[in-house]
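The model shown is predicted, which means the values in this text are computed figures rather than measured ones. Proteins get letters first, then strands, A, B, ... in listed order; numbering begins at 1 in each.
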Number of protein chains: 2
Amino acid sequence: MDDTPKGIWDFCTNSALKRASRQLGQLYEDVLAPSGLRGTQYSLLSQIAHSKNASLRTLADLLVMDLSALGHTLKPLIRDGYVELVPDASDRRVKRVQLTPFGVKKQQETTDLWRKAQARFENALGKQEAEALRRALNGISEAAFAEAFTRAPDGSEPGATG
Amino acid sequence: MDDTPKGIWDFCTNSALKRASRQLGQLYEDVLAPSGLRGTQYSLLSQIAHSKNASLRTLADLLVMDLSALGHTLKPLIRDGYVELVPDASDRRVKRVQLTPFGVKKQQETTDLWRKAQARFENALGKQEAEALRRALNGISEAAFAEAFTRAPDGSEPGATG
DNA sequence: TCAATTTAGTGGTATATGCCACTAAATATA
DNA sequence: TATATTTAGTGGCATATACCACTAAATTGA
């Protein structure tokens, strides 16, 4: 028997996460394809629908995404008429993100496909497993986790032997 | 108390995975920064070191990555002299991927930083948790999972009530 | 009140990643 | 063997995502 690991993802959670993200992203995307939306785009539309009237900044923070990255990612969705940016009245720096009526319709229609992907995923992994996985992932996504990571010892501390 | 979920990642594993991937990717990348390598680049160098003499195709399959995407991602690493593509002698379609001596050195040096990130991560999440998470993620990354997903019922089947 | 600092967003550039069309080479098949 | 099919890789294009430099607006503080 050769149990030598074939890849670094056996040790490195970062690699494992990215690899799984490619795989699952692909699987979801195949199911969503008939809508003409990419997986990320559907997620974004859904989150915008969910966080009504959020600013770009707020949305970026929620998504753990760079502000400018969010701006770039929204470009195609704005171009295609699903999303619009509405300047805030009281703070002229702020732009609020909202779905157009067309975007609302698209998001709602595509949700049928998403449910299909969701059902397949939970059937393939198991409902309990899926739930547990989401919890673990969401824990990692929290700001508190980033702080814990940053403050955590990294093995380079001098031994406190005194 | 308002336990209304703030985001769709509470339901959608795909979104949760991508979001966590951004967060953890960022955390690892900050630690790796002094090396001048991006997180993905270090992972790739490490996997190439691990899968000695693999072809682009083989590597892409292992990484659950599109072949052309892998080719594109390697470009900067080849440009910077870390990686080279060596034509296979027996099958003239095939190119084998290998680290240059410079690439070997870089990968080895950067591993110190990676270990630091790794230690921080395991301290922040817990060793057991980290191990369990990697196992779950690697399960999803397997070809068998993709097949299970594709074959799984999606709720659109006619009820077999007869 | 006015200057210094912080915050929100934009545009440019680079990497990460996928699809498609295409070439070349190997393999299968008639 | 000649042709059809499959396989490996490349290049172009599009989206996803990050960083930096910059502008404009709000906030802080002397």
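The interatomic distance linking B/Asp66 (CG) with D/dT10 (C1') rounds to 12 Å, in whole Å. Taking atom CG of A/Leu63 as the reference point, atom P of D/dA16 lies 12 Å away to the nearest angstrom. Here D/dG11 presents its C1' atom at 15 Å from CG of B/Leu74, a figure rounded to the nearest Å. Rounding to whole angstrom units, CZ of residue B/Arg93 and P of D/dT5 are separated by 17 Å. B/Leu37 places its CG atom 19 Å from the P atom of D/dA18, with the value rounded to the nearest Å. What separates CZ of B/Arg22 from C1' of D/dC19 is a distance of 16 Å, to the nearest Å. We find that NZ of B/Lys95 is positioned 8 Å from C1' of D/dT10, with the value rounded to whole Å. Between A/Arg38 atom CZ and D/dT17 atom P the separation is 10 Å, expressed in whole Å.
Extent of DNA chain C lying under 4.0 Å from chain A heavy atoms, first and last nucleotide in 5' to 3' order, is C/dT7 to C/dC19.
Phosphate proximity of D/dT17 to B/Gln26: absent, as no side-chain N or O sits under 4.0 Å from OP1 or OP2.
Using a 4.0 Å heavy-atom distance criterion, A/Thr73 is classed as a base contact. Counting any heavy atom pair closer than 4.0 Å across all strands shown, A/Leu67 reaches a base atom. At the heavy-atom level, A/Gln41 lies under 4.0 Å from the strands shown only through sugar-phosphate atoms.
Side chain to side chain, A/Thr13 and B/Tyr28 fail the donor-acceptor criterion of an N or O pair below 3.5 Å. Under 3.5 Å, the side chains of B/Ser90 and B/Asp88 contain a donor-acceptor pair of N or O atoms.
Ionic pairing of A/Glu109 and A/Lys106 is not present here: no N-O contact between side-chain nitrogen and carboxylate oxygen is shorter than 4.0 angstrom. Between B/Arg151 and B/Glu147 there is a salt bridge, with a side-chain nitrogen of the basic residue lying less than 4.0 Å from a carboxylate oxygen of the acidic one.
Put simply, the residue from B/Ser141, B/Ser46, B/Ser43 that forms a side chain to side chain donor-acceptor pair (under 3.5 Å) with A/Ser15 is B/Ser43.
Judged by closest nucleotide on DNA chain C, A/Lys75 is the one of A/Gln23 and A/Lys75 placed further toward the 5' end. Residues A/Met65 and A/Ser90 each lie close to DNA chain D; by heavy-atom proximity, the contact nearer the 5' end of the strand is made by A/Met65. Toward the 5' end of DNA chain C, the nearer of the two residues A/Asp91 and B/Arg79, judged by each one's closest nucleotide, is A/Asp91.
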### Query
Given the rule in the side chain to side chain contact (heavy atoms under 4.5 Å, CB included) test, do B/Leu27 and B/Gln23 qualify, once you have shown the distances and angles that lead to the verdict?
CA-CA 6 Å; B/Leu27 294 172; B/Gln23 169 93 297; 4.2 Å; yes

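Residues satisfying the ring-ring contact (aromatic ring centres under 6.0 Å, His included) test with A/Phe102, not counting sequence neighbours, are A/Tyr82.
Of the candidates D/dA18, D/dT15, D/dG12, D/dG12 carries the atom nearest the B/Ser68 side chain, counting heavy atoms from C-beta on.
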